[in-house]
Amino acid sequence: EVRRDSTLALGRLFDSSVVPHLIKVLEDKIKGVQLAAIESLKKIGDVRAIEPLMELLIHSDGEIIWAAGTAVASFGEMVPIDELGALLGARDVATRSNAILALGATRKREAVAYLERALDDPASDVRCAAVEALAPIVGKESLELLVKALTDQKGKVRFSAVAALGLWGKNPIAVDGLIGMLRDEDVKVRSAAAKWLGRCQAKQAYTFVLPLLDDLEQEVRLAAVEALGALGGSEAIEALIPILGSWQLEMREEAIKAIGHLCHRERNTRVLQRAAQALWWTLTDEKRVAQRSFQCLERIVLKLEEVRS
């Protein structure tokens, strides 16, 4: 424990002169000391540490591999892409996954060819890592590969692809891909697609998200309500009002929140009054619902005064 703490202390010095010593400590027989050396080398950020850290990606211990992979990734574009790419042939899933994440951290288009190969890896964890690695790499090739990942047989890979495409904002190709996933068989994928479309404020997705209010799964319905709060207008307020009478507490809460967002932008007095009337009846609901309704009503009253003035 003393050696581990002293090794961590060296990293807090941010002194490159200790790097040769820390590299030697990577060979320590005690895992805690090795992990401390990895963390310290990561903090100091001296390029001399890249190669010895990469050698740990083929270690027998998964925790060491993960720590080393995170450290290598922190060096970003300084990491040699071809050497990382060579690790995609390793037998260990953790080695391949962490090499892939480090490739993504370079943000270089030269890494895309290796990541494309990784999307066909037999291990779904590796394919998920490839999707995550592609997300920050800007370019047509990476976007096309993310769209391809939407067809993966594993739901968790498709889920990762949805999240990655969500980071592309209002890009038409990304939005079209997300809209298509609203019909996915996996509950988490449908939910994620709806949420990301809302966060991207992809207004063209409104009519595709609306039917999810009747989805069999509550998780999807909640996501749809959240998304409509960002995507809709008067029509969305009208569609959300009936949900205020839902027997599910979370649905009522999310509907109030969404209606509040929409009314903030609404200027149709008739619609605002309809929302206020519907919210009035929820003031006798459970305490936290009633409190949220009261706050929402206050904002609607102020909005009505603004519109009428």
Side-chain angles (χ1 to χ4, degrees), residues 97 100-101 103-104 112 115-233 235-236 239-240 243 246 248 250-251 254-255 257-258 261-262:
S97 297
I100 287 166
L101 292 174
L103 279 168
V112 172
L115 298 176
E116 180 177 12
R117 171 184 161 194
L119 286 177
D120 293 322
D121 194 280
S124 58
D125 285 346
V126 175
R127 300 199 301 277
C128 281
V131 169
E132 184 179 338
L134 281 165
I137 300 177
V138 178
K140 180 182 177 183
E141 300 88 352
S142 56
L143 178 58
E144 290 175 347
L145 289 174
L146 288 173
V147 171
K148 173 189 173 184
L150 293 175
T151 62
D152 194 278
Q153 62 182 349
K154 287 288 185 179
K156 67 179 182 179
V157 179
R158 300 196 301 277
F159 177 87
S160 295
V162 164
L165 285 171
L167 298 175
W168 284 72
K170 295 182 180 180
N171 180 285
I173 296 175
V175 169
D176 286 346
L178 291 174
I179 288 174
M181 301 313 285
L182 294 173
R183 300 186 298 273
D184 194 88
E185 63 182 19
D186 190 290
V187 172
K188 293 190 178 299
V189 174
R190 295 201 302 280
S191 301
K195 286 182 178 181
W196 277 109
L197 284 166
R199 290 168 189 169
C200 297
Q201 296 193 329
K203 302 293 185 183
Q204 66 268 44
Y206 171 79
T207 55
F208 299 96
V209 173
L210 189 61
L212 294 186
L213 290 178
D214 297 320
D215 195 277
L216 294 176
E217 300 293 338
Q218 181 181 346
E219 182 179 345
V220 179
R221 296 196 300 275
L222 282 169
V225 171
E226 178 186 328
L228 290 174
L231 300 175
E235 302 89 348
L240 291 170
I243 297 174
S246 170
Q248 294 167 318
E250 290 183 5
M251 289 294 294
E254 196 62 47
K257 182 179 175 182
H261 286 316
L262 291 166

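Nothing here was measured: the structure is a model prediction, and the numbers come from that model.
Counting heavy atoms from C-beta outward, E226 and R199 have side chains that approach closer than 4.5 Å.
The backbone N or O of A236 lies less than 3.5 Å from a partner atom in the side chain of Y206, making a donor-acceptor pair.
The distance from the CE atom of M251 to the CD1 atom of I243 is 4.5 Å, given to the nearest 0.5 Å. To the nearest 0.5 angstrom, L197 atom CG is 10.5 Å from L228 atom CG. Taking CZ of R158 as the start and CG of D186 as the end, the distance is 5.5 Å to the nearest 0.5 Å. Interatomic distance, D125 CG to K154 NZ, rounded to the nearest 0.5 Å: 9.5 Å. With values rounded to the nearest 0.5 angstrom, L210 atom CG is found 8.5 Å from L240 atom CG. One finds the CZ atom of R221 at 4.5 Å from the CD atom of Q248 (value rounded to the nearest 0.5 Å).
Taking every heavy atom of both residues into account, A230 and K203 meet most closely at O-NZ, 2.9 Å. A pairwise comparison of heavy atoms in G229 and H261 identifies O-CB, 3.7 Å as the closest pair. Here the closest heavy-atom approach between residue T207 and residue Q204 is recorded as OG1-O, 4.3 Å. The two residues V162 and M181 come nearest to each other via the heavy atoms CG2-CG, 3.9 Å. The shortest non-hydrogen separation linking V209 to A227 is CG1-CB, 4.0 Å.
Atom CZ of F208 sits in a sparse spot, with 12 or fewer heavy atoms from other residues, nucleotides or ligands closer than 6.0 Å.
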Got a list of side-chain donor-acceptor pairs under 3.5 Å for residues 129-151, not counting sequence neighbours?
residue: S142; atom: OG; partner: I137; partner atom: O; Å: 2.5
residue: S142; atom: OG; partner: G139; partner atom: O; Å: 2.9
residue: T151; atom: OG1; partner: K148; partner atom: O; Å: 2.6

Please set out all donor-acceptor pairs under 3.5 angstrom arising from side-chain atoms of residues 165-172, sequence neighbours excluded.
residue: N171; atom: OD1; partner: I173; partner atom: N; Å: 2.9
residue: N171; atom: OD1; partner: A174; partner atom: N; Å: 3.2

For R127 and Q153, what are the C-alpha separation, side-chain angles and deciding distance, and is it a side chain to side chain contact (heavy atoms under 4.5 Å, CB included)? CA-CA 11 Å; R127 300 199 301 277; Q153 62 182 349; 4.1 Å; yes
